[in-house]
Every structure is written in C-alpha cells, then in structure tokens.
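All of these numbers come straight from a predicted model, not from anything done at the bench.
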Amino acid sequence: MKLGDEILKILNKTYQPTTMVEQTFKRYDLAFKTDEAGRPILLFMGKKDVHGNVQGQRFARTLKTDNDGNIIKDHWENKGSAS
C-alpha cells in the first residue's frame, strides 16, 4: 500500500510535539506519532479495534535535514501490518 496525496497533505502539517494524534480519513482511522518538532514520523492506518488500537498498516518516515534545518530527504516507508 502506498500513501496517497490526500493523506500526505495531512501528514505534511505540523502538530503538537511528541504526541499521538488520532483522526479519521475517509474509511480509515489514522493514528500518528509526532517528533519534537511536531512533524508526524510514525503512522498507523486502518480500522480501530475494540481496544482503540489501529489494525492495518504501519508506516515510518525518514527525515533528513542539513545543518540549517532544511529538509533534504522526506520519505514514508511501509513497515508492514500493525497489530
């Protein structure tokens, strides 16, 4: 599964630092963890179970910046199923 442009728009926003953000996108439940700058770095996408955990796919973000803080590399990678 690959992330679409609409989901990437959500993930390119800045949120509260070092928190877990939960929201719904179309038929998917999203839960993502942010880094100390408020950028999403870990994404769980699927359906919530009765315990509130998202069952589906897990994605991790690679962010590389230069010394000035400019982003050099920004890539989301599918890490397999989330259980």
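The closest donor-acceptor contact from the side chain of R61 to the backbone of H75 lies at 3.5 Å or more, if one exists at all. With hydrogens and angles disregarded, no donor-acceptor distance shorter than 3.5 Å links the side chain of D68 to the backbone of N70.
One distance of note links CZ of R58 with CD of E77; it measures 9.5 Å at 0.5 Å rounding. Annotation: the span from D35 atom CG to T14 atom OG1 amounts to 9.0 Å, rounded to 0.5 Å. Note that the CZ atom of R39 and the CG atom of D74 stand 8.5 Å from one another [nearest 0.5 Å]. Rounding to the nearest 0.5 angstrom, the gap separating the CD atom in Q57 from the CZ atom in F44 is 11.5 Å. To the nearest 0.5 Å, atoms CG (N12) and CD1 (I71) are separated by 8.0 Å.
Listed by first and then second residue, the ring pair (Phe, Tyr, Trp, His ring centres under 6.0 Å) pairs involving residues 2-23 are Y15-F32 (not counting sequence neighbours).
The heavy-atom pair separating M45 from V54 by the smallest distance is C-CG1, 3.8 Å. Here the closest heavy-atom approach between residue I72 and residue T65 is recorded as CD1-C, 3.8 Å. Residues L42 and F59 approach most closely at CD1-O, 3.4 Å, considering heavy atoms.
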Just distance, no hydrogens or angles: give the donor-acceptor pairs under 3.5 Å from side chains in residues 16-23, sequence neighbours left out.
residue: T19; atom: OG1; partner: Q16; partner atom: O; Å: 3.0
residue: E22; atom: OE1; partner: K48; partner atom: NZ; Å: 2.8

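Contact annotation: the side chain of K13 never approaches that of L11 to less than 4.5 Å [non-hydrogen atoms, C-beta and beyond].
In the hydrophobic clustering of this structure, L63 does not group with L3; members are Ile, Leu, Val, Met, Phe, Trp, Tyr whose side-chain heavy atoms approach within less than 4.5 Å, directly or through other members.
The number of heavy atoms from other shown groups lying within 6.0 Å of NZ (K47) is above 12.
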